[in-house]
Enquirer: 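Below is one structure. I have some questions about it.
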Amino acid sequence: MPELPEVETTRRGIAPHLEGQTVRSVSVRNGRLRWPVPEDLAVQLEGEVIRSVERRAKYLFLNLDSGSVIVHLGMSGSLRIITDDSAALTHDHVELVLHSGVRLRYNDPRRFGCWLWAPNPSTHPLIASLGPEPLAPEFNGAYLYRRSRGKSTAVKSFIMDGHVVVGVGNIYANEALFKAGIHSRRQAGRVSLSRYRRLVEVVQETLTAAILMGGTTLRDFVNSDGQPGYFAQSLLVYGRGGQPCPECQATLREIRMNQRTTIYCTRCQR
DNA sequence: CTTACCGCCTGTCGGC
DNA sequence: TGCCGACAGGCGGTAA
């Protein structure tokens, strides 16, 4: 389940192999992703130079002169750099071949991801209305406080809403709310400014630490036959329902909220 | 407008 | 051992 740190680590891993390179060919082995891969993707890309690889939220942009490829890894997607003649694996759905001989392979068993083409990605409907980046200065306590006034939805759903802030998936939402001592079911509009300040702090700490950890596994992006970008992370509460709280030893509760597994400590989180 | 739920997918796991 | 249903989840789409 690539969260934002995994996507950023992927970007850092693949960018040096792609930037400045000309696309020789594109092959789509299975175009039935979340949305169909555009029929003319190969036509758009062939002969063009990849100028840069950017990330916005959990989307990656391969920027060319005439537009950008928008890639999302969905639930189970991964990108890897191929420098030898190794054969494609099951679920290797899309492949870019560069003039340098290097290949970029996209593998996605569940096909929740996407490969789209946009002349200008920042105005694409998927991108245009996204909230701020979680590590950007405009994501701060005052911002969350202002955006949440009058909201009756649970604070956990609120911070997982990509129109509020991007990159906070289910795992990090659980972890951050635990660290901030905020009950996941509390109404977003009933969280104080100071507690939102604390929440932003722990979200940023957690994401930054995860990105730093990812940096040590960049070599895995070349000729890896495993799943690159998935890091052992020390999770305090996620996946630990029924176990003792790491802070107070009370039993961690596990519930479903908006179809998502939610874990919290009834004593530490209010 | 806001909020909650659906469904796209396949690999994994528990129960029988 | 093998089958089968439940579950996992990002996130756009849609219903209420």
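Small disclaimer: the values here were computed from a predicted structure and weren't measured. Every chain is numbered from 1 and lettered A, B, ... according to where its sequence line falls, protein lines coming before strand lines.
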Enquirer: For residues N140(A) and V200(A), report the shortest heavy-atom separation together with the two atoms involved.
Expert: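 Result for this residue pair: C-CG2, 3.6 Å.
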Enquirer: In whole angstroms, how far is the P atom of dA8(C) from the CD atom of E3(A)?
Expert: 15 Å
Enquirer: Using a 4.0 Å heavy-atom cut-off across all strands, classify R34(A) as base, sugar-phosphate, or nothing.
Expert: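 The residue R34(A) makes base contact.
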Enquirer: Side-chain N or O of N258(A) less than 4.0 angstrom from OP1 or OP2 on dC5(B)?
Expert: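 The answer is yes; a side-chain N or O of N258(A) sits under 4.0 Å from OP1 or OP2.
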Enquirer: Mind checking if S152(A) touches a base, just sugar-phosphate, or nothing, with heavy atoms under 4.0 Å?
Expert: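 Sugar-phosphate, backbone atoms only, no base.
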Enquirer: Looking at K58(A), I'd like to know whether one of its side-chain N or O atoms comes within less than 4.0 Å of OP1 or OP2 on dG10(C).
Expert: no
Enquirer: Do T262(A) and R256(A) pair up side chain to side chain, a donor and an acceptor below 3.5 Å, judged on atom types alone?
Expert: no
Enquirer: So, is Q259(A) close to the dA4(B) phosphate, meaning a side-chain N or O under 4.0 Å from OP1 or OP2?
Expert: no
Enquirer: Separation of N170(A) atom CG from dG10(C) atom C1', in whole Å?
Expert: 10 Å
Enquirer: Nearest-Å distance, NZ (K156(A)) to C1' (dG10(C))?
Expert: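 In whole Å, dG10(C) C1' lies 12 Å from K156(A) NZ.
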Enquirer: Closer than 4.0 Å, any side-chain N/O of R110(A) to the OP1 or OP2 of dC8(B)?
Expert: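 Checking R110(A) against dC8(B): no side-chain N or O falls below 4.0 Å of OP1 or OP2.
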Enquirer: Quick check on dA8(C): is either OP1 or OP2 less than 4.0 Å from any side-chain nitrogen or oxygen of T261(A)?
Expert: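 T261(A) to dA8(C) OP1/OP2: side-chain N or O found under 4.0 Å.
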Enquirer: So for R260(A) and dA8(C), does any side-chain atom that can act as donor or acceptor lie under 3.5 Å from a complementary atom in the base?
Expert: no
Enquirer: Would you kindly say whether N63(A) and S52(A) are connected by a side-chain donor-acceptor distance under 3.5 Å?
Expert: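 Side chains of N63(A) and S52(A): pair found under 3.5 Å.
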Enquirer: Tell me the interatomic distance from M160(A), atom CE, to dA8(C), atom C1', rounded to whole angstroms.
Expert: 13 Å
Enquirer: How sharply is the helix from dT2(B)-dA16(C) to dC16(B)-dG2(C) bent, taking the axes over five pairs at either end and rounding to 10 degrees?
Expert: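 Here the helix ends are tilted 60° relative to one another.
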Enquirer: Are the side chain of E175(A) and the backbone of L236(A) linked by a donor-acceptor contact shorter than 3.5 Å?
Expert: yes
Enquirer: Side-chain N or O of H91(A) less than 4.0 angstrom from OP1 or OP2 on dT10(B)?
Expert: no
Enquirer: Report the distance from atom CD1 of I263(A) to atom C1' of dA8(C), rounded to the nearest whole Å.
Expert: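 The answer, rounded to whole Å, is 12 Å.
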Enquirer: Pick base, sugar-phosphate or nothing for L73(A), based on heavy-atom distances below 4.0 Å to the nucleic acid.
Expert: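 The residue L73(A) makes no contact with any strand.
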Enquirer: Closest-nucleotide mapping onto DNA chain C: is E254(A) or Y59(A) further toward the 5' terminus? I mean the 5' end.
Expert: E254(A)
Enquirer: Looking at every non-hydrogen atom in both residues, tell me the closest pair between S184(A) and L177(A) and how far apart they are.
Expert: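 Looking at all heavy atoms of both residues, the closest pair is OG-CD1, 3.7 Å.
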Enquirer: So, do F112(A) and dC8(B) meet the stacking rule of ring centres under 5.5 Å and planes under 30°?
Expert: yes
Enquirer: Looking only at side-chain N and O atoms, does T153(A) come under 4.0 Å of OP1 or OP2 in dA4(B)?
Expert: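 Checking dA4(B) against T153(A), a side-chain N or O does come within under 4.0 Å of OP1 or OP2.
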Enquirer: Send over the distance from M257(A) CE to dA4(B) P, rounded to a whole Å.
Expert: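 Going from M257(A) (CE) to dA4(B) (P), I get 8 Å.
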Enquirer: Walk me through whether E254(A) and R240(A) qualify under salt bridge (charged side-chain N to carboxylate O under 4.0 Å, His left out).
Expert: CA-CA 8 Å; E254(A) 178 166 336; R240(A) 296 179 189 270; over 6 Å; no
Enquirer: Might you confirm whether atom CZ of R190(A) has over 12 heavy atoms from other residues, nucleotides or ligands at distances under 6.0 Å?
Expert: no
Enquirer: Atom CZ of R256(A) and atom P of dC7(C): how far apart are they, to the nearest Å?
Expert: 7 Å
Enquirer: Verify the neighbour count for atom CZ of R149(A): are there more than 12 heavy atoms of other residues, nucleotides or ligands below 6.0 Å?
Expert: yes
Enquirer: When the nearest nucleotide of DNA chain B is assigned to G150(A) and to L33(A) on a heavy-atom basis, which residue is associated with the more 5' position?
Expert: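 It is G150(A), whose closest nucleotide lies nearer the 5' terminus.
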Enquirer: Take atom CZ of R147(A) and atom P of dT3(B), then tell me their distance rounded to the nearest Å.
Expert: 11 Å
